Protein chains: 2
Amino acid sequence: MEADPANGHSMNTDLDIAFAALADPTRRAILSMLLEDDMAVTDVADPFEMSLAAISKHLTILTRAGLISQEKRGRVKWCKLEPDALRAASVWMQGFGQFEPVNLDAFERFLESEFRDGTPDDPRS
Amino acid sequence: MEADPANGHSMNTDLDIAFAALADPTRRAILSMLLEDDMAVTDVADPFEMSLAAISKHLTILTRAGLISQEKRGRVKWCKLEPDALRAASVWMQGFGQFEPVNLDAFERFLESEFRDGTPDDPRS
DNA sequence: AGCATATTCAACCAAAAGGTTGACCATGGA
DNA sequence: TCCATGGTCAACCTTTTGGTTGAATATGCT
């Protein structure tokens, strides 16, 4: 059952957990929601059609993956995105293909072009 | 079971498949091996302690995720890394790094138009 | 033709994932 | 104090996942 070949490729359990957490569409949707703002568990669960308990489990998985943190204030548990946890996964993916630096480059140009057209407060134009 | 909340967060099945494929350490190790060179199925299986059939299944999963391609030449099936498939996942993750209100769909179209003409975005020949 | 090699297929299995429901604790407010 | 609210726990169920084995298929070699 071991995934560690003889030549020393690592079997990073953190990555297992992170990618597995990201593999579920419900959990990715939750992360997207938290991108806009911190939310209480009940409010996170609201747009979904599954039970609160199910969402609670998803949040536990996201927490264990380090992708969110949960802090209880009063009787409300607030969920907060922890985007830094994506860094390990991102770094791993950077090992593949030169597309990542290119992407970052392209991303900047994309942002720039986004701002240039249709943005009223752009000095140039 | 639906992951599509009312406010329109997407439920991208491609991302499901890609992240799920990446969640397994054996499959990530395979990808790392293929980073160095194209390999036959038997050679991919060699450093692992599991059966050839198991590795064959892993390769099928990676293929379905688009992360590798397989081409049969003679009786040997060659496995080739397809790092472009990581792009969608990478773009999704980048949405969390920088907290820009960025239109990822537009970014995808932008990338497509960038790479459409004659760009050698394949690291190995 | 006959055999070895490369790979997949089919049936099976155990464990993990993702969901449900109902009971249970904790907290805030009347 | 009593009750509604917020959230988790425990038990259970079904489907998926990741592995096994042995047989089957396909190709190459001599």
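Residue numbers start from 1 in every chain, and the chains themselves are labelled A, B, ... in the order their sequence lines are given, proteins ahead of strands. What you see below is based on every heavy atom in this structure, not just the backbone, and it leaves out hydrogens, waters and symmetry mates. Note that the coordinates shown come from a computational prediction; the quantities given were computed from them, not determined experimentally.
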- Does A/Ala21 offer a backbone N or O that forms a donor-acceptor pair with the side chain of A/Arg64 under 3.5 Å? no
- Task: Report the distance from atom CZ of A/Phe48 to atom P of D/dG7, rounded to the nearest whole Å.
- Result: 15 Å
- Counting N and O atoms only, with roles assigned by atom type, does the side chain of A/Thr63 sit under 3.5 Å from a partner on the main chain of A/Leu59, one being a donor and the other an acceptor? yes
- Task: Please tell me if the side chains of A/Glu71 and A/Lys80 come closer than 4.5 Å, counting only heavy atoms from C-beta onward.
- Result: no
- Message: Rounded to whole Å, how long is the line connecting atom CE of A/Met50 with atom P of D/dT14?
- Response: 19 Å
- Are the side chains of B/Asp24 and B/Arg28 in touch, meaning some heavy atoms are under 4.5 Å apart? no
- For nucleotides 1-8 of chain C, 5' to 3', base contacts (B), sugar-phosphate-only contacts (S) and non-contacts (-) with protein non-hydrogen atoms under 4.0 Å give ---BBSBB
- Note on the structure: Rounded to 10°, the helix from C/dA1-D/dT30 to C/dA30-D/dT1 deviates from straight, judged by its five-pair end axes, by 20°
- Please work out if A/Arg73 contacts a base, only the sugar-phosphate, or nothing of the nucleic acid, heavy-atom cut-off 4.0 Å. nothing
- Nearest heavy-atom approach of B/Ala85 to B/Ala65 is CB-O, 3.9 Å
- Rounded to the nearest Å, what distance is computed from the CG atom of residue A/Asp46 to the P atom of nucleotide D/dG6? 10 Å
- Item | Side-chain N or O of B/His58 closer than 4.0 Å to phosphate OP1/OP2 of D/dT17 | no
- Round to the nearest Å and state the distance from B/Ile61 atom CD1 to C/dC9 atom P. 13 Å
- Mind listing the closest non-hydrogen atom pair of A/Cys79 and A/Val41 along with its distance? SG-CG2, 3.9 Å
- Respond yes when some side-chain nitrogen or oxygen of B/Ser51 is under 4.0 Å from OP1 or OP2 of D/dT20, and no when none is. yes
- Query: Roughly, in whole Å, what's the span from CD in B/Glu71 to C1' in D/dA26?
  - Reply: 17 Å
- Do A/Ile30 and A/Val76 share a hydrophobic cluster, counting only Ile, Leu, Val, Met, Phe, Trp and Tyr and linking them when any side-chain heavy atoms are less than 4.5 Å apart? no
- Do B/Trp78 and B/Lys72 touch side chain to side chain, with heavy atoms closer than 4.5 Å? no
- Message: Output the rounded distance in Å from CG (B/Asp24) to P (D/dT17).
- Response: 11 Å
- Task: Could you tell me whether the side chain of A/Arg27 reaches within less than 4.5 Å of the side chain of A/Leu22, counting heavy atoms only?
- Result: no
- Whole-Å gap separating C1' (C/dT21) and CD1 (A/Ile55): 16 Å
